[in-house]
Amino acid sequence: MKTLDLLKLVFIFSILFTSCTEEDDNQNPTNLPANATTIAGIASSTSDFSTLTSALTAANLVDTFDDANGEFTVFAPTNSAFAQLLAENNGISTLDDISSGALDVLLKNHVVKGKVLSSQLEDGQMVETLAGTKLEVSISNGVVMVGGVTVTTPDVEASNGVIHIVDNVIVPTESLTIAQLAISTPDFSTLVTALSTANLVTPFTVPTNQYTVFAPTNQAFADAGINLDELTEAQLQRILLHHVATNRVLSSGLENGGMVETLAETELMVKIEGGSVMIGEATVVQADVSAYNGVVHAINKVLIPEDELDTILGIASSDDFSSLATALTSANLASMFGETDKMYTVFAPDNMAFQSLLDATNGISSFDDLSLEALDILLRHHVVEGKVMAMDLEDGQMVTTLAGTKLEVKLMGSDVMIGGVKVKMPDVEASNGVVHVVENVIVPTQALTIAQIAISNNFTSLVDALAKAELVSPFTDATNEFTVFAPTNEAFAAAGIDLNTVSKEDLGRILKHHVIQTGVLSSALTSGQKVETLAGTKLEVMIENGTVMISEGMVALPDLSGVNGVVHVIDKVLMPSTIVDVATSAGNFTSLLGALDDTNLLSTFNVDFVDGVLKEYTVFAPTDEAFAALSGVEITNEQLAAILTNHVVSNEVLSSDLVDGQTVETLGGAELTVSISNGVVTIGGATVSTPNVDASNGVIHIINKVITD
């Protein structure tokens, strides 16, 4: 664009040509003709100031600095300083790229009213120029810098002031067009590329235009994930013009809640809170960078007009989110995010995040390992209703997802964590909400089967035990529903269970003793409650001061809800303790246990519940020594069954409940007489050697003989 008239250009180049042919004597401003006394005279008589002189002439400033009645301090750039300016990446390749008005600002930015010698300059001092700008003075080890450039020759005195020669041109943003300002700022390189691609550079080079530009930084473009090659020129123009308002509007002229009309015929809302200024959803990171034809406010986000935004489904359909798109389709959720009647916030895992999920030790090697219900929960766990930008999230906040689950927000410096995973790309706006890209899939236990919960939580001993007992399958079936009291690895180690030696049947019974058929949250448990396990055994609940005990095990972590039930982590392996279990562990009832097995009575006394009803017994149990007295006696299984049932009474009867002379009826229908003398109890002629051995389904009284009468 040409801004200097032809006569001025001819004049400038004629001076430049003439200056280059002068003798070297005129390069030193301290060795000049006697009539070169004013600042303008010194500049015009010095060949190394020929470009400066040309610029002063073009800006009609020669007379100002030739006035003997004036007094100025000029920080004068040499020809090489101007040459360096023209060589830099700043949109200025010749002085013709600077309008006369902008040139006036540029030159006056080098001039201070009054005569200020170098000895009068102080480190940190701010001096005001004729352009109304400020230059900071820096002095270190005798080197003086003004406005960021070095004074190479100080104190060249003139009749109307003083000249300090500097090694670079001091360029104020106020002398640049918005286009030149953007080109000069490395952090706007993507914006410059976008403007060029959209054929929008020209308007911002016109000095007579006035604009306010909300300029996204390079990082803002990177965060937006915009591929300039994928947008049409019209789309890109509309996006860029959505950042531009006519006229110059400084930040002080913005009002909270005000609306800024853009060149895209859209509006941007202003939000001012605690000194922070937001334009739309972007924060102003540097305000009020004045240019010759307007003002630039740097922002941290690319603003997209709503009608140019893709839907959440459209964003998820990009190559980086193909796994998410597949999952949404499988769960029949794709259409929901393709509609624009509702707004959603999606914490979206990319393909790498989904691959990490499948690679992890969690029982999920493919989407086929998740039921449709589980997949639905998993995906909804990443979605919040409404549009929630990153700046709206607060540390410690709990947000409710469409799955009914909660995600905790953690703000750690500049990082946002949601549900324990990091947001790596926030605020990707969509026409129906916003997408925050997260590093990992946020997996709620509600989307996992009990088996997957156990694997994910590194309950390796429990998982290995289930595998040995061939019990994994029921806990992977999403249609089942269980409550599992899951012992930790430490609990298994303390129990001393050797998976190499324990039988599959015994291990299976122990494991089933930890499982209830239905899902029960800790809030539904009551103190004193007795619940039936899959083994038919009993677990007793005790609650005191908020501590929940399941038999002898303390609940360390409750309510890990899964798709097929709930897991409560406990600190102990729970061993069944029926009458049969107690007799087995005692070691001196092998004959009794064998007899019960031979007569098909063993299972009766090896459970606590029968058809859902808790059954309790009192067993008068002969020892192996007592059974030895019957050796050689021929007894049929029918007779043996009758003998055994005559050792058992329905309900639990402690020794303290027995009375001398009392008769008790057995399961076999016999009447046994109780005799108590000097604290010794006999029953049916047998002496009770050890009373009141507790079992989960009753009590054992050990006797010294088999009752055959």
Side-chain angles (χ1 to χ4, degrees), residues 503 505-506 508-509 512-513 532-538 575-655 657-658 662-675 681-709:
S503 72
E505 292 73 22
D506 288 344
R509 186 164 179 270
K512 289 178 180 179
H513 181 59
E532 182 182 3
T533 72
L534 292 188
T537 52
K538 176 186 71 178
M575 304 300 290
S577 58
T578 63
I579 290 167
V580 171
D581 294 317
V582 173
T584 302
S585 62
N588 59 340
F589 295 104
T590 54
S591 297
L592 174 61
L593 292 169
L596 289 169
D597 193 25
D598 290 342
T599 56
N600 296 318
L601 290 172
L602 190 67
S603 60
T604 301
F605 305 108
N606 203 30
V607 294
D608 298 310
F609 286 86
V610 177
D611 295 329
V613 178
L614 181 63
K615 293 287 186 178
E616 292 184 314
Y617 304 96
T618 299
V619 177
F620 298 98
T623 61
D624 288 341
E625 188 178 48
F627 268 98
L630 295 178
S631 61
V633 178
E634 292 290 334
I635 302 176
T636 66
N637 276 354
E638 185 178 350
Q639 292 172 322
L640 183 59
I643 291 171
L644 292 173
T645 55
N646 282 334
H647 287 74
V648 183
V649 175
S650 292
N651 302 320
E652 182 179 80
V653 181
L654 298 175
S655 63
D657 298 324
L658 298 172
Q662 174 186 4
T663 60
V664 292
E665 185 178 356
T666 70
L667 291 184
E671 297 281 342
L672 299 179
T673 301
V674 178
S675 175
V681 178
T682 60
I683 180 101
T687 299
V688 176
S689 58
T690 304
N692 304 329
V693 179
D694 188 43
S696 59
N697 59 342
V699 64
I700 298 173
H701 302 293
I702 301 174
I703 57 177
N704 67 344
K705 64 176 287 189
V706 178
I707 303 171
T708 57
D709 296 338

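Residues take their numbers from the sequence shown, with the count starting at 1.
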S.K.: Distance-only, no hydrogens or angles: does the S577 side chain make a donor-acceptor pair with backbone N or O of V582 under 3.5 Å?
M.R.: no
S.K.: Could you tell me whether E638 atom CD has more than 12 heavy atoms of other residues or ligands within 6.0 Å of it?
M.R.: no
S.K.: May I ask you to test the V648-T666 pair for a side-chain heavy-atom distance under 4.5 Å?
M.R.: no
S.K.: When rounded to the nearest 0.5 angstrom, what is the spacing between OG1 in T682 and CG in L658?
M.R.: 10.0 Å
S.K.: In the structure I gave you, are the side-chain heavy atoms of V653 and V664 within less than 4.5 Å of one another anywhere?
M.R.: no
S.K.: Is any side-chain heavy atom of I702 closer than 4.5 Å to one of F589?
M.R.: yes
S.K.: Can you find a pair of side-chain heavy atoms, one from H513 and one from T533, that are under 4.5 Å apart?
M.R.: yes
S.K.: Would a 4.5 Å heavy-atom cut-off, applied to side chains only, mark R509 and T537 as touching?
M.R.: yes
S.K.: Count the heavy atoms belonging to other residues, nucleotides or ligands that lie under 6.0 Å from CD of E625, then report whether that count exceeds 12.
M.R.: no
S.K.: Between A583 and I700, which heavy-atom pair has the shortest distance, and what is it?
M.R.: N-CD1, 4.5 Å
S.K.: Compute whether any side-chain donor of one residue and acceptor of the other, for T623 and N588, lie under 3.5 angstrom apart.
M.R.: no
S.K.: Between V610 and V613, is there a side-chain heavy-atom distance shorter than 4.5 Å?
M.R.: no
S.K.: Check step by step if side-chain contact (heavy atoms from CB on, under 4.5 Å) holds for L614 and D608.
M.R.: CA-CA 6 Å; L614 181 63; D608 298 310; 3.9 Å; yes
S.K.: Under the criterion side-chain contact (heavy atoms from CB on, under 4.5 Å), I'd like the reasoning laid out for L592 against L596: C-alpha separation, chi angles, the key distance, then a yes or no.
M.R.: CA-CA 6 Å; L592 174 61; L596 289 169; 4.2 Å; yes
S.K.: Is there a donor-acceptor contact under 3.5 Å linking the side chains of S603 and N606?
M.R.: no
S.K.: Does the ring center of H647 lie less than 6.0 Å from the ring center of F620?
M.R.: no
S.K.: With distance as the sole criterion, is a donor-acceptor pair present between the side chains of S655 and N692 under 3.5 Å?
M.R.: yes
S.K.: Mind listing the closest non-hydrogen atom pair of G668 and N646 along with its distance?
M.R.: CA-OD1, 3.3 Å
S.K.: If you compare all heavy atoms of I707 against all heavy atoms of I643, which two are closest, and at what distance to 0.1 Å?
M.R.: O-CG2, 3.6 Å
S.K.: Quick one: are N697 and K615 in side-chain contact, heavy atoms under 4.5 Å?
M.R.: no
S.K.: At what distance, to the nearest 0.5 angstrom, does CG of L593 lie from CD1 of I579?
M.R.: 11.0 Å
S.K.: Could you tell me which non-hydrogen atom of V706 sits nearest to which non-hydrogen atom of P622, and how far apart they are?
M.R.: CG2-CB, 3.8 Å
S.K.: Let me confirm one number: the NE2-CG distance from H701 to L654, rounded to the nearest 0.5 Å.
M.R.: 6.0 Å
S.K.: Nearest 0.5 Å please: distance from the CD1 atom of I703 over to the OG1 atom of T687.
M.R.: 9.0 Å
S.K.: Report the distance from atom OG1 of T599 to atom CG of L640, rounding to the nearest 0.5 Å.
M.R.: 5.5 Å
S.K.: Heavy-atom distance under 4.5 Å between the side chains of F605 and T578, does that happen here?
M.R.: no
S.K.: Roughly how far apart are I683 CD1 and K705 NZ, rounded to 0.5 Å?
M.R.: 12.5 Å
S.K.: Specify the closest pair of heavy atoms between D694 and G698, including all atoms of both residues, with the distance to one decimal.
M.R.: OD1-O, 3.7 Å
S.K.: Ignoring hydrogens and angles, tell me if any N or O in the side chain of D624 forms a donor-acceptor pair with the backbone of S591 under 3.5 Å.
M.R.: yes
